Amino acid sequence: MRDRSCGRRRVLRGLAFCAVTRWRFERASAQPAGKRTPLVRRIPTVVIDPGHGGVDPGAITADGVYEKNIVLATASEFARILAARRSYRVALTRSTDEFLPLRERVARARAWKADLFLSIHADALPDTDTRGLSVFTLSAQASDREAAALAASENRADLVGGVNLSRQPRDVGEILLDLTRRQTSNLSITLARDLVDQLGREVVLLERPQRSADFAVLTAPDIPSALVELGCLSNPTEQRLLRQRGYQQRLARGLVRAVETFFAVRGAV
Ligand SMILES: [Zn+2]
């Protein structure tokens with residue numbers, strides 16, 4: 001009995017893998033009706049998320065500079081340079097000083113069918129001597145917890161892009177979600193490595209710059225995501241640098257190179 005159920009699960013896993021692969025192929029070749037050309041790749045959509053905004057200032061420096069303004073300026077510069085490449089569709093979750101709940105940021109990225117999601121922040125640490133940039137992906141525990149909550153929720157439809165899980169048998173739905181989540185997690189770690197490599201050429205990195213944590217904004221199961229802490233507003237030197245346009249442009253150039261490396265290495269979406 002046990003063998004038979006294991007065998008069934010293996011078959012379901014195989015079917016689920018085929019479904020995800022087919023969906024990714026269809027998504028990659030999706031074009032407007034009438035203009036469909038086989039094997040023409042669509043350009044990737046990159047969603048940039050400047051943290052905080054509106055009533056939520058984020059970290060505040062000793063002399064009253066808000067994180068929300070620094071990250072919006074840097075994210076806007078990043079978006080401008082990336083869009084000028086004409087190889088990506090670029091969208092900002094916010095382009096003004098507005099408050100956006102974390103779940104709304106993820107929802108917008110999913111609605112825009114993002115291929116990449118980058119949340120931009122700046123840190124404030126208790127030790128004011130500490131400085132440097134760091135990159136976060138979702139921790140495995142948080143990812144498991146999120147997946148369990150999603151799997152348990154009533155509304156599982158469309159959780160993995162084009163695949164409507166509510167129409168799948170329960171086993172298939174869970175396996176599809178699990179496969180998608182694992183693939184997304186691996187790609188997010190690759191993305192974080194690219195970010196650390198490229199940004200490390202521009203600015204000082206924090207000790208152990210590649211980290212993982214329980215960030216709600218990184219929980220889309222089907223979008224490779226990372227959160228960049230541009231530096232420490234608690235450090236007087238770095239706080240001064242983060243406010244300078246030239247420094248923000250250096251950060252933006254490093255972010256653009258990381259995105260280009262990510263898509264160049266893994267191919268088109
Ligand atoms: Zn922040």
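Model, not experiment: these values are computed from the prediction. Ligands are counted one by one from 1 in listed order, and the atoms in each one are counted from 1 as well.
Counting just the N/O/S atoms of His121, the one with the shortest distance to the Zn ion (ligand 1) is named ND1. Shortest distance from the Zn ion (ligand 1) to Glu67 is reached at OE2 (N/O/S atoms only).
There is no side-chain donor-acceptor pair under 3.5 Å between Arg240 and Gln244. No side-chain donor-acceptor contact under 3.5 Å links His121 and Glu229.
Contact annotation: Asp123 places no N, O or S atom under 2.8 Å from the Zn ion (ligand 1).
The distance from the CZ atom of Arg131 to the CG atom of Leu125 is 12.5 Å, given to the nearest 0.5 Å.
Residues Phe117 and Asp49 meet the side-chain proximity criterion, which asks for heavy atoms closer than 4.5 Å.
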